[in-house]
Trainee: 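Below are the structure tokens for one structure; questions will follow.
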Amino acid sequence: MATKKTDKEIANDKVERMMAGVGIWCSYYRANPHRFCEDYLNIHLKLFQKILIFLMNRSNYFMYIASRGQGKTFLTAIFCVVRCILYPETQICVAAKNRSQSINVLEKITTILMPNSANLRNEIETANTKGQDAYISFKNGSRIKVVTANDGARSNRSNIIVCDEFRMIDLDIINKVLRKFNTAPRQPRYLSKPEYAHLTERNKELYLSSAWYKQHWSFEKLKAFATNLVDDTKRYFCCGLPYELAIKENLLSREQVEDEMSESDFNELSFQMEMECEWL
């Protein structure tokens, strides 16, 4: 005859079942971050956005050359939120030449994503988008911080560095300052157990920009990423998506583009770089 479980044993069994379910769903959403956006955050993505979110999460080095109107800052904000929730104690630094530009990522989170998602509001502990100390902190220890891409940012540390409009940042600042943020990887507690020690995560670097001139260092960086993209032993990704995609996905008005192209002072070279992702 089976002995009746005590209230404490029943409670422990319930906790174990719950944590097992959490583990299963966490693994599933880490492998499918685009589905996490829809199921948990109430964010409905376009197909190309789902692909890019997936590759942001998978790649150690990610470069996205985008035309105007594709919402690359918005997509970056979504990725930062997803990563911070699914990977507790993640430290993300968003860097740009101008501080106001990097703060745009935080503003997308507070003004667009949070109002539409009760789950996201519950995950965030503090959000500050003003002043020199702009950041968003999560209840699980994750944090998104804004930094200005200059020599004075040396003291920062991160697991993920996002370089917004990276072509405008000095190459020496990227190599000597920003990349040095990513020193120690994320340290979840399970890594202290010998059976999980091999699961150490790689830090990540994300580079976002429109196209520019081939003589610029940013084009050489793109070619370096493209070379490693075809190497199966490395996790690099780069792409260039022109304005036709934004029109197809109803993110940009075709009529508006045609009107701008019909103007007498239309600059074809600028259009090629900004909208067609052509390096000149």
Side-chain angles (χ1 to χ4, degrees), residues 11-12 14-45 53-54 56-58 73-95 99 102-147 153 155-162 164 181-193 196 199-204 206:
N12 288 338
K14 184 177 180 180
V15 170
E16 288 179 3
R17 290 195 303 270
M18 183 183 69
M19 293 309 297
V22 169
I24 292 171
W25 279 108
C26 185
S27 297
Y28 173 77
Y29 282 132
R30 285 183 176 185
N32 299 274
H34 52 294
R35 292 191 172 99
F36 181 76
C37 291
E38 184 166 347
D39 295 348
Y40 189 76
L41 297 177
N42 194 34
I43 300 172
H44 302 282
L45 300 173
I53 285 287
F54 176 84
M56 284 179 178
N57 198 53
R58 182 185 184 280
T73 301
F74 176 65
L75 196 64
T76 303
I78 294 173
F79 168 74
C80 290
V81 165
V82 169
R83 191 77 187 186
C84 283
I85 295 174
L86 292 179
Y87 296 80
E89 298 184 19
T90 293
Q91 306 299 309
I92 299 178
C93 280
V94 181
R99 190 173 187 82
S102 51
I103 287 178
N104 283 341
V105 173
L106 302 188
E107 291 177 338
K108 299 291 185 185
I109 296 173
T110 58
T111 62
I112 300 177
L113 301 183
M114 288 179 65
N116 292 325
S117 174
N119 287 331
L120 177 57
R121 294 194 298 272
N122 187 55
E123 293 281 354
I124 291 176
E125 185 174 51
T126 308
N128 175 36
T129 61
K130 306 297 181 182
Q132 293 298 311
D133 188 27
Y135 68 93
I136 292 177
S137 61
F138 292 73
K139 294 177 182 178
N140 64 3
S142 294
R143 186 181 179 94
I144 307 170
K145 183 179 181 181
V146 164
V147 298
S155 61
N156 291 282
R157 293 294 177 265
S158 63
N159 308 123
I160 301 174
I161 177 68
V162 178
D164 196 10
F181 290 178
N182 287 357
T183 50
R186 191 176 72 96
Q187 296 293 320
R189 295 177 185 177
Y190 60 76
L191 290 181
S192 61
K193 297 183 177 182
Y196 299 129
L199 296 177
T200 302
E201 300 166 1
R202 284 287 304 275
N203 290 329
K204 295 178 178 292
L206 279 69

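Values below: all heavy atoms of this structure, side chains included; hydrogens, waters and symmetry mates excluded.
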Trainee: Under 4.5 Å between any side-chain heavy atoms of V82 and L41, yes or no?
Mentor: yes
Trainee: Using modelled atom types and a 3.5 Å cut-off, is there a donor and acceptor pairing between side-chain atoms of D164 and backbone atoms of V94?
Mentor: no
Trainee: Heavy-atom count around R58 CZ within 6.0 Å, excluding the residue itself: above 12?
Mentor: no
Trainee: State, with a plain yes or no, whether a side-chain heavy atom of T126 is found less than 4.5 Å away from one of S137.
Mentor: yes
Trainee: For L113, does its backbone N or O pair with a side-chain atom of K108 as donor and acceptor, under 3.5 Å?
Mentor: no
Trainee: Determine, stepwise, if the pair V105 / V146 fulfils side-chain contact (heavy atoms from CB on, under 4.5 Å).
Mentor: CA-CA 9 Å; V105 173; V146 164; over 6 Å; no
Trainee: Only one of I136, I124, L120 forms a side chain to side chain contact (heavy atoms under 4.5 Å, CB included) with V81, so which one is it?
Mentor: L120
Trainee: Looking only at heavy atoms, what is the nearest atom pair of Y190 and Y196, with distance?
Mentor: O-CB, 3.3 Å
Trainee: Side chains of V162 and F79: closer than 4.5 Å at any heavy-atom pair?
Mentor: no
Trainee: Do D39 and Y29 have side-chain heavy atoms sitting under 4.5 Å apart?
Mentor: yes
Trainee: Could you grab the distance from atom CG of N32 to atom CD1 of I53, nearest 0.5 Å is fine?
Mentor: 13.0 Å
Trainee: Looking at CD of E89 and SG of C84, how far apart are the two atoms once the value is rounded to the nearest 0.5 Å?
Mentor: 11.5 Å
Trainee: Closest heavy-atom contact between I112 and N116?
Mentor: O-ND2, 3.0 Å
Trainee: Quick one: closest heavy-atom pair of R99 and A134, and the distance?
Mentor: NH2-N, 3.8 Å
Trainee: Hey, is the main chain of L86 close enough, under 3.5 Å, to the side chain of R30 for a donor-acceptor pair?
Mentor: yes
Trainee: Can you see which heavy atom on Y40 is nearest to which on N119, and at what distance?
Mentor: O-ND2, 2.9 Å
Trainee: Quick one: pull up CD1 in I103 and CG in N128 and give me the separation to the nearest 0.5 Å.
Mentor: 8.5 Å
Trainee: Report the distance from atom CD of E125 to atom OG of S142, rounding to the nearest 0.5 Å.
Mentor: 11.5 Å
Trainee: Would you compute the distance between atom CG of N203 and atom CD1 of I92 and round it to the nearest 0.5 angstrom?
Mentor: 11.0 Å
Trainee: Can a donor-acceptor pair be found, under 3.5 Å and without considering hydrogens, that links the side chain of K204 to the backbone of N57?
Mentor: yes
Trainee: Nearest 0.5 angstrom please: I161 CD1 to K145 NZ, how far?
Mentor: 11.0 Å
Trainee: Please say whether more than 12 non-hydrogen atoms of neighbouring residues, nucleotides or ligands are located less than 6.0 Å from CZ in F54.
Mentor: no
Trainee: Hey, is the main chain of R186 close enough, under 3.5 Å, to the side chain of Q91 for a donor-acceptor pair?
Mentor: no
Trainee: Show, in sequence, the C-alpha distance, side-chain angles and deciding distance for N159 and Y87, and conclude whether the side chain to side chain donor-acceptor pair (under 3.5 Å) test is met.
Mentor: CA-CA 11 Å; N159 308 123; Y87 296 80; over 6 Å; no
Trainee: Please verify the inter-ring angle class for Y28 with W25; under 30° counts as parallel, over 60° as perpendicular, anything in between as tilted.
Mentor: perpendicular
Trainee: Under a 3.5 Å distance rule, please check whether Q187 uses its side chain to pair with a backbone N or O of P185 as donor and acceptor.
Mentor: yes
Trainee: Has R121 got a side-chain atom pairing as donor or acceptor with P115's backbone, closer than 3.5 angstrom?
Mentor: yes
